[in-house]
Structures are given as C-alpha cells and as structure tokens.
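Remarks on the structure that follows.
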Protein chains: 2
Amino acid sequence: MRKDSRLSRMLHVLIHMDQLDAPATSEKIATMLNTNPVVVRRTMAGLRDKGYVTSVKGHGGGWSLAVALSDITLLDIHNALGESSVFTIGLSDEHTSCPIEIAVNQAISDVLIEAEALLLERFRDVTLDKLAVGFADYPLNQQTSSGE
Amino acid sequence: MRKDSRLSRMLHVLIHMDQLDAPATSEKIATMLNTNPVVVRRTMAGLRDKGYVTSVKGHGGGWSLAVALSDITLLDIHNALGESSVFTIGLSDEHTSCPIEIAVNQAISDVLIEAEALLLERFRDVTLDKLAVGFADYPLNQQTSSGE
DNA sequence: CATCACGAAACAATAAAAGTTTCATGAGTT
DNA sequence: AACTCATGAAACTTTTATTGTTTCGTGATG
C-alpha cells in the first residue's frame, strides 16, 4: 500500500522556510523535494487555506510562513493536508446487516479509534520549533545524494 | 488513499467457517465477499501458511479452520495478512543527511511506533470467539443488499 | 510592458491492487 | 480408468488513486 510522505515533506519545507529571508518559489521547493511545482502548489494550497503560509505572485513572490513555528503543531499540518484516515486498515461493507460483520467491524473500529486518538494527541504535543535544531548551514536547495 | 479491508473480510469469513460442517470453497467465499476465487486463494494462502486454516483439493474440498476461534486473535490474522504498516503516513527520504529531515522523521516515527504498539496490543487482546455472537441463522452466502 | 510566479483546469503517466485467464495437480465419484 | 471438482501457480489485463505535465490566465514587480 502506498505511503503518503506529504506530512514529513511539508514539515521539512516549513522549517527550512523559517530560515529564509525571501519567499520560496514552488519551483525551488519542488527541486528540494524531487517533485514538480504543480504538486507543491496543490499541497501548499491546503496550508495556505488554514493560514499557516501565504503565497505571493510575481517577481520576488513565492511561499512564506504566516505564523511562528512555535505556533504550529504536527497535528495542524496533518489536518491541513486533509488525510482522510491515518490507517491503511479499512472495514468491510458487503453484509452490513450481518451480525458477524457488525461485530468484527466494531472490534476493529474500536481499536482504530483508540490508536488514532493517541496519535493525534501526540501530534498535538509537538510544535515545529522543537524540530528546528542543529540545522546550521544546511542549504534549502541542496540535492539528495540518494537520488538517481 | 486506498483502504485494505482484508482484515475485516477475513475475520468475517473465518467466523462463518466455524459454523459450517463442510469446507468452504474459494468460489463460495468469493461470492460472499463480492470478489473472485483467485483473490480468495491469494489471501487465504497467507492464513494457511501460518496454520490457521487448511485447504483441501478436489471433491468436497475447500477451506476449513485449523484451530479454534478462541485460539486466534485479531493480531494473528493481521500478521498473517502481511501488511507492511498500518499507517498511510510515511517518511521522506530526499535528504537523509539533513538534520531537519532527520528530526522531522524521528518525531513522526516516534508517534507512529507508539500508536502502532497500542493498536497491536489491542488486537492481541481480542480472540475471534468473542466476535462470534448473535449470528444465529445468518447464511454464509447471503447477498448484500447494498451492492449494485 | 516584459518577466516572474502563483492559480486553475485538463490531460497523461505511473504504480499498486484487484481481477482474469489458463493450465497443472490432486482428490473424490462413478 | 475416466470424470468432475477444487486448489496451486503463473502470466496477463483492468482498475483506480496519485503524481506529473501542459497550457493558459492573472497579478505583481521592475
């Protein structure tokens, strides 16, 4: 099953953005993430709608942080990315009136809800400034050495 | 992101199988799950390898439970299905030597590990016989009413 | 007014999962 | 022995979600 690394990637980008004087263009961010500008815009749009970043058109434009890293939590970004569920596990719906299917789904659902609650609680405890340590002079647009 | 309902489906099937006198064919199970026999064999093969079910070829053949429902946990079946991870959330790997990426991935990973541990612990607590209640005379091959 | 950069929409490519087809093998039935 | 049923295995096709691409429009800077 495919993984969604957008949370990790966006956190990474946001923290680097905090180090910059000028806005970061979609092109620049795309290069950093080994992807393309349109995907960056699509993803960043969600963060902008929640007020965590701003976008400016034209010369010198691009993306900037709208709030301090200390005011953004992992949960904020997770929610802004609009992932439907954190689990790959789903329920069945072939026989919604079958008592066995109901019992099975209820048991699984109980566990998923509890585990997700824990996960979101932990995400809420971590603000981005706690992750922005020891970066010193690591450049935003440095290329990966593990790439092609 | 796509959901994997195999756990729910297989639990449902196993509990029904416990009610049957004869082995259930892949064809019969496939009909129940609105899928096809080959997918059933692929999935059941994992359970057979772990010893939870047996398969018999030829006349009167099919799939049977190999152990009591009370000796199978949700965790057993979850593991037998061989899901790599229960989360849709993944880590980034564009800049594995970047301190920020490392810190971000570590923070996310810590949370995922804790949440997954809780989830697996809960799955281990539930044996299938606990879910096999109130099924009375609900037939294995009853068709869904929510289908197309 | 030329350039830069986002916004939006339509379209193409990719990859994972599920579905399909075919043939082989083994187990009962007659 | 021949027939039928059902799994086992392999190759292939289909489906679907995501990602990537292209194009055009708009606004902002110089």
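Residue numbering restarts at 1 for every chain, and letters A, B, ... go by the order of the sequence lines.
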| query | How long is the line joining CG of B:Asn34 and P of D:dT15, in whole Å? | reply | 17 Å
| Which nucleotide in the list C:dT29, D:dG25, C:dG26 gets nearest to the side chain of B:Lys57? | C:dG26
| query | Within the structure, does a side-chain N or O atom of A:Thr25 lie under 4.0 Å from either OP1 or OP2 of C:dC6? | reply | no
| task | Starting from the 5' end of DNA chain D, give me the residue, B:Gly58 or A:Gly60, whose nearest nucleotide shows up first. | result | B:Gly58
| Just checking, any donor-acceptor pair under 3.5 angstrom between side chains of A:Thr73 and A:Asp76? | yes
| message | With a cut-off of less than 4.0 Å, is there a side-chain N or O of B:Thr35 near OP1 or OP2 of C:dG19? | response | yes
| Euclidean distance, atom CZ of residue B:Arg6 to atom P of C:dA18 [Å, nearest integer] | 6 Å
| Contact under 4.0 Å: A:Ser26 side-chain N or O vs C:dC6 OP1/OP2 | yes
| field | Close approaches to DNA chain D from residues 36-47 of chain B, in residue order (heavy atom, under 4.0 Å) | value | B:Arg41, B:Arg42
| query | Does the side chain of A:Ser8 come under 3.5 Å of the side chain of B:Asn105 through a donor N or O and an acceptor N or O? | reply | yes
| message | Can a side-chain donor-acceptor contact be found between A:Trp63 and A:Ser26 if the only test is distance below 3.5 angstrom? | response | yes
| Does B:Phe87 offer a backbone N or O that forms a donor-acceptor pair with the side chain of B:Ser85 under 3.5 Å? | yes
| note | Here the gap from A:Leu112 atom CG to A:Glu114 atom CD, rounded to the nearest 0.5 Å, amounts to 10.5 Å
